[in-house]
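A short write-up of the structure that comes next.
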Amino acid sequence: MQYIYDKKINGKRLAVTTDPYNWIILYGSAKQSDRTFQKKAHHSYYSNFESMLICLYKRLLRYNLKSLNIEELLKALEESYALVEKMALDISEKMGVQYGCK
């Protein structure tokens with residue numbers, strides 16, 4: 001399987017790929033081999049790029065949120081937003097190269 005985006009974050013692995021109809025996020029352990037990761041990772045399917053980014057942001061915010069302390073909340077918001085923003089830019093650059101800068 002060819003990944004458009006593949007990143008390890010705090011012991012977890014986040015990968016993005018597509019099929020002809022969907023954007024697919026795979027989320028699982030970073031310690032697994034590629035083959036095991038493809039089989040055991042949690043798969044989420046999205047029909048458009050925007051909904052994928054919104055759901056990913058929500059999921060990362062929950063993952064990064066340690067407490068409801070205002071400092072921790074702001075830190076989790078910033079980290080989640082920065083990761084989603086970087087991922088979106090990386091994907092758009094890679095897809096632009098692949099498909100003639102759509």
Side-chain angles (χ1 to χ4, degrees):
M1 182 178 286
Q2 181 75 10
Y3 297 120
I4 299 169
Y5 183 82
D6 192 1
K7 182 88 172 174
K8 294 178 182 175
I9 306 161
N10 299 330
K12 297 289 183 181
R13 183 174 174 187
L14 175 69
V16 177
T17 189
T18 60
D19 66 15
Y21 306 104
N22 298 303
W23 288 88
I24 306 166
I25 294 179
L26 291 86
Y27 185 75
S29 174
K31 297 177 182 178
Q32 298 171 334
S33 67
D34 281 342
R35 188 179 189 123
T36 305
F37 177 73
Q38 288 175 11
K39 290 180 183 179
K40 293 190 175 188
H42 175 75
H43 292 66
S44 299
Y45 297 84
Y46 302 94
S47 59
N48 61 50
F49 189 66
E50 293 83 11
S51 62
M52 178 191 72
L53 290 177
I54 291 167
C55 291
L56 179 62
Y57 178 71
K58 288 178 185 178
R59 186 171 291 158
L60 288 171
L61 182 58
R62 276 182 275 171
Y63 179 72
N64 288 330
L65 191 59
K66 308 287 189 254
S67 73
L68 293 178
N69 183 349
I70 192 69
E71 290 86 16
E72 291 290 326
L73 177 62
L74 291 173
K75 182 180 175 186
L77 286 167
E78 284 180 27
E79 288 176 359
S80 301
Y81 182 79
L83 182 67
V84 170
E85 180 182 33
K86 183 180 181 331
M87 186 190 82
L89 291 172
D90 289 349
I91 289 173
S92 68
E93 287 176 13
K94 191 169 188 175
M95 295 298 285
V97 170
Q98 284 181 338
Y99 297 111
C101 296
K102 284 186 178 178

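- To the nearest 0.5 Å, the span separating OG on Ser80 from CG on Leu61 amounts to 4.5 Å.
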Residues 69-79 side chain polar contacts: donor-acceptor under 3.5 Å, at least two apart:
unit_1 : atom_1 : unit_2 : atom_2 : d
Asn69  : OD1    : Glu71  : N      : 3.4
Asn69  : ND2    : Glu71  : OE1    : 3.4

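- Residue pairs meeting the salt bridge (charged side-chain N to carboxylate O under 4.0 Å, His left out) criterion with at least one member in residues 6-22, sequence neighbours excluded, are Asp6-Arg13, Arg13-Asp34.
- Using bins of under 30°, 30° to 60° and over 60° for the plane-to-plane angle, the ring pair Trp23/Phe49 lands in the tilted bin.
- Tyr5 and Leu83 get closest at one heavy-atom pair: OH-CD1, 3.9 Å.
- Tyr45 and Ile54 fall into different hydrophobic clusters, where Ile, Leu, Val, Met, Phe, Trp and Tyr side chains are chained together by heavy-atom contacts under 4.5 Å.
- Annotation: side chain of Tyr3 is in contact with side chain of Gln38 (closest heavy-atom distance under 4.5 Å).
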Verdict with reasoning, Tyr63 to Asn10, per side chain to side chain contact (heavy atoms under 4.5 Å, CB included):
CA-CA 10 Å; Tyr63 179 72; Asn10 299 330; 3.5 Å; yes
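- Residues Thr18 and Ile24 come closest through the heavy atom pair C-CD1, 4.4 Å.
- Closest approach of Ile91 to Met52, counting heavy atoms only: CD1-CE, 4.4 Å.
- Sorted by first and then second residue, the salt bridge (charged side-chain N to carboxylate O under 4.0 Å, His left out) pairs with a member in residues 36-57 form an empty list; sequence neighbours excluded.
- For Leu68, the side-chain contact (heavy atoms from CB on, under 4.5 Å) partners at least two apart in sequence or on another chain are Leu65.
- Scored by the side-chain contact (heavy atoms from CB on, under 4.5 Å) test, Ser33 finds Arg35, Thr36 as partners (sequence neighbours excluded).
- Under a hydrophobic-cluster definition in which Ile, Leu, Val, Met, Phe, Trp and Tyr are linked whenever side-chain heavy atoms come within less than 4.5 Å, directly or via other members, Tyr81 and Ile25 are assigned to the same cluster.
- Pairing each heavy atom of Gly28 with each of Phe37, the nearest pair is N-CE1, 3.5 Å.
- In this structure, Arg59 has no salt bridge (Lys or Arg N to Asp or Glu O under 4.0 Å) partners at least two apart in sequence or on a different chain.
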Step by step, would you call Leu14 with Leu56 a side chain to side chain contact (heavy atoms under 4.5 Å, CB included)?
CA-CA 10 Å; Leu14 175 69; Leu56 179 62; 3.9 Å; yes
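- For the pairing with Leu89, the side-chain contact (heavy atoms from CB on, under 4.5 Å) check across Lys86, Met87, Glu85 returns one residue only, Glu85.
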